[in-house]
Number of protein chains: 2
Amino acid sequence: MTIRKSVSSASVVTYLRNCIKKGDLNPDDKLPSEREISERLKTTRVTTREGLKQLEAQGLIYRSNRRGWFVTPERINYDPSRAIYFMDYVSEQGQIPFSREILKRKIVADAFLAEAMKIDLGEPVVELHRLRGANNRPVYFERIYLREAILPGVFDKPLERSVSRVVRDEYQTDYDKVDLNIIVGSLDEYEAELLQAPAGYTSIEIQRLSYDQDGHVIEFDVEHWRHDALQLKVNLSAH
Amino acid sequence: MTIRKSVSSASVVTYLRNCIKKGDLNPDDKLPSEREISERLKTTRVTTREGLKQLEAQGLIYRSNRRGWFVTPERINYDPSRAIYFMDYVSEQGQIPFSREILKRKIVADAFLAEAMKIDLGEPVVELHRLRGANNRPVYFERIYLREAILPGVFDKPLERSVSRVVRDEYQTDYDKVDLNIIVGSLDEYEAELLQAPAGYTSIEIQRLSYDQDGHVIEFDVEHWRHDALQLKVNLSAH
DNA sequence: TCACTCATCTGGTCTATACCAATATGAGAT
DNA sequence: ATCTCATATTGGTATAGACCAGATGAGTGA
């Protein structure tokens, strides 16, 4: 006989999932407090939290530091194979994008960058950090590294809106080849705070290495997306 | 003195991470039991488990149902833009691949399939489930749907090793275009059991829709990868 | 009106304990 | 040797209670 005693945290999951499916709870709505849910379902906070974390892992709900749990809004569709800018494809999907520059400075390549960008240790690089989101909700944090050798004076260009636009328009350089490296990981404290997520939150890390027509690396990006905010689409064609 | 008011589950994380980094623990080695770790670090099981779950989210360790926690072996590199088969690219990476057929049957397209494959409701389709892994460790579970209309008699072909090989060799049909859809989610009970993971385990879901030279959909796949077993690489070229 | 203060609410972390279910283990029977 | 079965071990789930830290909102005073 496989009569299993039902798992109690599962009832939290089904209860809340139904609320969401039925429409009692809509995107960005606040869930009842953990203590209230526990009382309503006659269980303890530990168990309730177990259920909430499962829904979080499924991307159905998210939490805002000590403010409560909320229903996750629609994901953003991102297609790295299309030549289109964040601000544009988010608008296209009916959401209001924002982009915030966190840091911009000149550095020299350390061991990690040299290896990743296939350049010499110590080569001058422009580093750019930025945070992007939709409808006031941050969705990804990005570190960008640009080679000054290939893009002289790039530090002083207006990079807020789109780096790739500047590269194309001001340097007449096309992105000829892009290597993507995608891995699931978790956010460190700094990234988590920017993305308004708890430390350790599951993220999708996308590394992008871009080459020009001559096969030179021009740009290296590392993006950390909230896992609940992204749906990746890639179109591949034989050639 | 290291009297820290910092979180105590973090000490579990750093302690074990150091063991792994130093090489005291190697891939597939078993960690001490939760009770033993708790005792050693003078904390409780709940806290220890909290730390273990964080390491699990980072992909550093995995658990085998009630047997214990283990160090995660190397990830598999998978490049969907390369025309190469699982059995081959896993071997290429120095691991021993396996592939197990779970199910094979003829069905007709339901609403979900019809929508996903852009075909009519009720069109005959061959469904194939299989589990694949490396070094005896399952890494992904896959559902494949093939159109009998385009590939007549495909049900009786030897599909164990590679579906795409059969399509190419026996039907002289090339995969001309592939649409990928990638999302992070979590495993349901059935998928989790096959992948030897706890229910709700974070997974990477890859949907692949393949077209032939004439623009017809020939195949639809849904893969569920253990998040700790996969590193995705995609090469994009302008054309 | 505006800025500040403080009680209150919320989630974040932790202790201590308990029982269950699947797995490993080792002693005894064959 | 091999099989069988009871037992110990391990993780999985849950209860009950506690304190902390950040966010909020109502009330207060300038």
Side-chain angles (χ1 to χ4, degrees), chain A residues 1-16 28-57 61-71 136 186-187 189 192-201, chain B residues 3-16 28-57 61-71 136 186-187 189 192-201:
Chain A
M1 300 300 296
T2 49
I3 307 251
R4 335 170 27 137
K5 196 180 126 190
S6 66
V7 189
S8 178
S9 65
S11 70
V12 177
V13 173
T14 45
Y15 170 69
L16 290 171
D28 284 322
D29 276 0
K30 188 177 180 306
L31 273 59
S33 76
E34 295 178 356
R35 287 168 175 86
E36 195 180 327
I37 297 173
S38 308
E39 200 174 333
R40 211 180 291 179
L41 298 185
K42 295 196 171 34
T43 182
T44 58
R45 261 187 78 206
V46 178
T47 303
T48 298
R49 278 174 73 77
E50 178 61 32
L52 290 168
K53 284 175 186 170
Q54 284 179 34
L55 288 166
E56 183 188 46
I61 62 175
Y62 67 96
R63 43 182 146 172
S64 176
N65 191 13
R66 283 166 226 264
R67 292 200 311 117
W69 294 85
F70 302 82
V71 178
N136 283 319
S186 59
L187 301 175
E189 279 187 47
E193 188 175 337
L194 286 168
L195 287 167
Q196 292 173 20
Y201 187 80
Chain B
I3 305 270
R4 54 190 59 193
K5 65 172 182 179
S6 64
V7 257
S8 143
S9 66
S11 70
V12 177
V13 173
T14 44
Y15 170 69
L16 290 171
D28 284 322
D29 277 0
K30 188 177 181 306
L31 273 59
S33 76
E34 296 179 356
R35 287 168 176 85
E36 194 179 329
I37 298 173
S38 308
E39 200 174 333
R40 210 180 293 179
L41 299 184
K42 295 196 171 32
T43 181
T44 59
R45 262 187 76 206
V46 179
T47 304
T48 298
R49 277 173 74 76
E50 178 61 32
L52 289 168
K53 284 175 186 171
Q54 285 179 34
L55 288 166
E56 183 188 44
I61 63 175
Y62 67 97
R63 44 182 145 172
S64 175
N65 190 14
R66 282 166 227 267
R67 292 202 310 120
W69 295 85
F70 302 83
V71 178
N136 282 318
S186 60
L187 301 175
E189 278 187 47
E193 188 175 339
L194 285 169
L195 286 167
Q196 293 173 20
Y201 187 80

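Throughout, protein chains are lettered first and strands after them, A, B, ... in sequence-line order, and every chain is numbered starting at 1.
- Rounded to the nearest 0.5 angstrom, B:T44 OG1 and B:E34 CD are separated by 11.0 Å.
- Separating the CD atom of B:Q196 from the P atom of D:dG11 is a distance of 17 Å, rounded to the nearest angstrom.
- Contact check for A:R63 versus A:P198: side-chain heavy atoms found under the 4.5 Å cut-off.
- Atom-to-atom distance recorded for B:L31:CG and B:E36:CD is 10.0 Å, nearest 0.5 angstrom.
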Seminar exercise, completed: 5' to 3', nucleotides 6-12 of chain C under a 4.0 Å protein heavy-atom cut-off (B base, S sugar-phosphate only, - none) gives ----BBB
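- With sequence neighbours excluded, no residue forms a salt bridge (charged side-chain N to carboxylate O under 4.0 Å, His left out) with B:E39.
- Rounded to an integer number of Å, the gap from B:E39 CD to C:dA16 C1' is 15 Å.
- Distance, B:Y201 OH to D:dG11 P: 17 Å, rounded to whole Å.
- Between D:dT13 and A:T47, no contact under 4.0 Å exists linking OP1 or OP2 to a side-chain N or O.
- With sequence neighbours left out, B:R35 forms a salt bridge (charged side-chain N to carboxylate O under 4.0 Å, His left out) with no residue at all.
- Looking at heavy atoms from C-beta onward, A:L41 lies out of side-chain contact with A:T48 at the 4.5 angstrom threshold.
- At the phosphate of C:dT17, neither OP1 nor OP2 sits under 4.0 Å from any side-chain N or O atom of B:T44.
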